[in-house]
Amino acid sequence: MFSFFRKKSRPDDAPQTLPIASTVADDAPLPDPTVVSARPNQSTPERASWVSRLRDGLRKTSSNIAAVFTGTRIDETLYEELESALVLADAGVKATQQLLDTLRQQVKARRVSDPAAVKALLADALTALLLPLQKPLSIGQQQPTVVMVVGVNGAGKTTSIGKLTRHLSLRGASVLLAAADTFRAAAKEQLGVWADRNTVDIISQQGGDPAAVSYDAVTAGRARGRDVVLIDTAGRLPTQLHLMDEMKKIKRVIAKAQEGAPHEIILVLDGNTGQNALAQVRAFDDALQLTGLIITKLDGTARGGVLAAIARERPIPVYFIGVGEKLEELETFNAREFAQALLA
Ligand SMILES: Nc1nc2c(ncn2[C@@H]2O[C@H](COP(=O)(O)OP(=O)(O)OP(=O)(O)O)[C@@H](O)[C@H]2O)c(=O)[nH]1
Ligand SMILES: [Mg+2]
């Protein structure tokens with residue numbers, strides 16, 4: 001689920017706070033200013049193809065879990081096998097335990113005797129566990145909404161920014177990109193390619209300091225009346241303390257360019273990182289107070305259970321999930337849909 005607004009021109013006076021509609025039909029005319037709120041189960045061809053890629057990506061986990069329920073009896077062996085399958089899927093010990101406890105309780109309360117019915121109960125329990133992660137990225141309360149994107153090297157930050165730019169543009173928001181990865185040689189050019197594909201502006205500097213580029217970009221975003229400024233930062237490990245400090249500095253300097261900014265700090269996580277993903281979430285959250293996550297590469301060999309671990313340990317909203325390198329391969333997270341893909 002997510003919400004974006006479509007803004008028409010409005011006077012340059014005080015920023016407006018926009019209500020967040022939760023149910024707007026796909027083809028409904030948009031009031032002005034408007035929050036465009038996508039339904040969790042949009043039936044667009046793009047969404048359908050994205051869901052099918054997600055299912056394919058999680059196939060290994062789903063078939064492991066499915067194998068648990070092929071027997072005829074609900075006994076300790078079933079619970080033990082399920083425990084192993086969930087831990088193997090990166091769900092972590094605590095989330096796995098929570099799911100198993102709920103399941104045992106439900107099986108008893110509902111007097112279930114068919115293993116297939118247990119699987120349906122597991123889908124419900126997993127959906128409930130993941131539900132706190134399903135929260136919209138809301139654009140429109142500030143102008144611009146400043147979004148800082150962080151993460152370890154190669155997680156998919158720049159690619160996700162490219163896809164997110166398209167996503168936002170399609171919903172009527174104007175976007176400005178900031179090339180604040182001044183560390184890696186070709187980073188600026190890489191972001192520039194995404195800017196071109198989306199025909200949006202990019203702010204960059206020759207050499208330059210990441211905090212200075214970010215400051216410039218927010219200032220430009222304000223001057224040009226952009227709805228969103230997306231700031232691409234260099235990859236870093238939480239153990240590289242000086243680089244973690246640099247990131248905190250970027251955040252502080254952004255606040256000087258616009259009070260209250262950055263409004264969103266999104267950690268991009270490679271879905272294949274396994275249990276280390278949780279350590280990344282904790283470290284970046286402790287340093288920056290994250291507002292959201294994007295999980296990438298759930299099209300490959302990802303096991304997918306890490307979302308359950310995140311939900312249990314550090315429930316930060318998952319705004320988007322990436323299932324490929326193409327522009328359209330980023331979609332909003334829906335707990336039920338994800339649980340179903342993991343247990344397909
Ligand atoms: N299969 C797949 N590949 C992805 C996805 N997202 C990103 N990638 C690929 O992952 C690689 C790294 O992506 P980048 O966007 O450059 O990652 P980054 O976090 O910006 O990397 P640094 O700036 O070097 O830290 C590229 O080859 C992308 O095409 C995804 O959802 N699925
Ligand atoms: Mg990058």
Side-chain angles (χ1 to χ4, degrees), residues 46-47 49-61 147-167 175 177-198 200 202-205 208 210 213-214 217 229-240 242-244 246-247 250 265-274 276-277 280-281 283-284 287-288 290 292-304 306-307 318-333 337-338 341:
E46 251 183 33
R47 181 83 183 186
S49 131
W50 175 88
V51 169
S52 106
R53 280 181 70 84
L54 180 66
R55 274 176 196 273
D56 286 349
L58 301 177
R59 185 75 65 205
K60 195 162 183 343
T61 293
V147 182
M148 189 174 158
V149 178
V150 299
V152 303
N153 310 70
K157 295 176 291 299
T158 308
T159 308
S160 296
I161 285 175
K163 297 188 217 169
L164 185 53
T165 302
R166 174 180 186 270
H167 207 93
V175 179
L177 300 183
D181 178 356
T182 55
F183 181 73
R184 200 163 53 77
K188 200 167 58 186
E189 286 72 20
Q190 189 193 353
L191 191 69
V193 171
W194 289 109
D196 288 346
R197 277 184 200 154
N198 286 294
V200 299
I202 176 170
I203 301 294
S204 63
Q205 285 179 2
V213 177
S214 305
V229 175
L230 296 178
I231 300 175
D232 188 24
T233 64
R236 68 201 74 219
L237 292 171
T239 47
Q240 296 170 300
H242 63 295
L243 294 181
M244 294 302 272
E246 179 195 78
M247 212 171 47
I250 298 174
I265 304 180
I266 298 179
L267 174 70
V268 177
L269 277 178
D270 179 335
N272 297 289
T273 316
N276 189 252
Q280 288 177 27
V281 173
F284 279 91
L288 292 171
L290 299 173
L293 304 174
I294 294 178
I295 319 287
T296 63
K297 310 186 194 182
L298 286 181
D299 51 303
T301 53
R303 298 186 270 198
V306 71
L307 269 81
V318 174
Y319 289 147
F320 296 96
I321 286 182
V323 297
E325 301 177 66
K326 296 204 211 90
L327 264 175
E328 64 278 10
E329 287 171 334
L330 184 84
E331 279 282 349
T332 49
F333 169 74
E337 192 179 62
F338 191 87

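Counting convention: from 1, in listed order, for ligands and their atoms alike.
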Going by the salt bridge (charged side-chain N to carboxylate O under 4.0 Å, His left out) test, name the single residue among Glu329, Glu46, Glu331 that passes it with Arg166. Glu46
Looking only at N/O atoms, are Ser160 and ligand 1 under 3.5 Å apart anywhere? no
Main chain of Glu325, side chain of Lys297: is a donor-acceptor contact present, judged purely on distance under 3.5 Å? no
Enter the distance from Ile161:CD1 to Leu191:CG here, rounded to the nearest 0.5 Å. 6.0 Å
Quick one: look up the protein heavy atom nearest atom 21 (O) of ligand 1 and list residue, atom name and how far away it is. Gly154 N, 3.1 Å
for atom 17 (O) of ligand 1, nearest protein heavy atom and its distance come out as Gly156 N, 3.1 Å
Among protein heavy atoms, which sits nearest to atom 3 (N) of ligand 1, and what does the distance come to when rounded to 0.1 Å? Glu325 CG, 3.3 Å
For atom 1 (N) of ligand 1, closest protein heavy-atom neighbour: Asp299 OD2, 2.8 Å
With a cut-off of 2.8 Å, does Gln190 put an N/O/S atom close enough to the Mg ion (ligand 2)? no
Could you check whether any side-chain N or O of Asp181 sits under 3.5 Å from a backbone N or O of Lys188, counting only pairs where one atom can act as donor and the other as acceptor? no
Atom 6 (N) of ligand 1: which of Val268, Asn153, Thr159 has the nearest heavy atom? Thr159
Using a 4.0 Å heavy-atom cut-off, say whether Lys163 meets ligand 1 through its side chain, its backbone, both or neither. side chain
Which residue in the set Val149, Val152, Leu290, Leu288 passes side chain to side chain contact (heavy atoms under 4.5 Å, CB included) when paired with Leu267? Leu290
Within 45° cone of Trp194 ring axis and under 6.0 Å: Arg197 NZ or CZ: yes
What distance separates Arg184 CZ from Asn153 CG, expressed to the nearest 0.5 Å? 8.5 Å
List the closest protein heavy-atom neighbour of atom 8 (N) of ligand 1: residue, atom name, distance to the nearest 0.1 Å. Lys297 CE, 3.7 Å
Identity and distance of the protein heavy atom lying nearest atom 30 (C) of ligand 1: Gly324 O, 3.2 Å
What is the nearest protein non-hydrogen atom to atom 18 (P) of ligand 1, stated with its residue, atom name and distance? Lys157 N, 3.4 Å
Identify the closest protein heavy atom to atom 16 (O) of ligand 1: which residue and atom is it, and at what distance? Gln190 NE2, 2.9 Å
Taking Thr332 for its side chain and Phe320 for its backbone only, find out whether a donor-acceptor pair lies under 3.5 Å. no
With respect to Ala155, determine whether any N or O atom, backbone or side chain, lies less than 3.5 Å from an N or O atom of ligand 1. yes
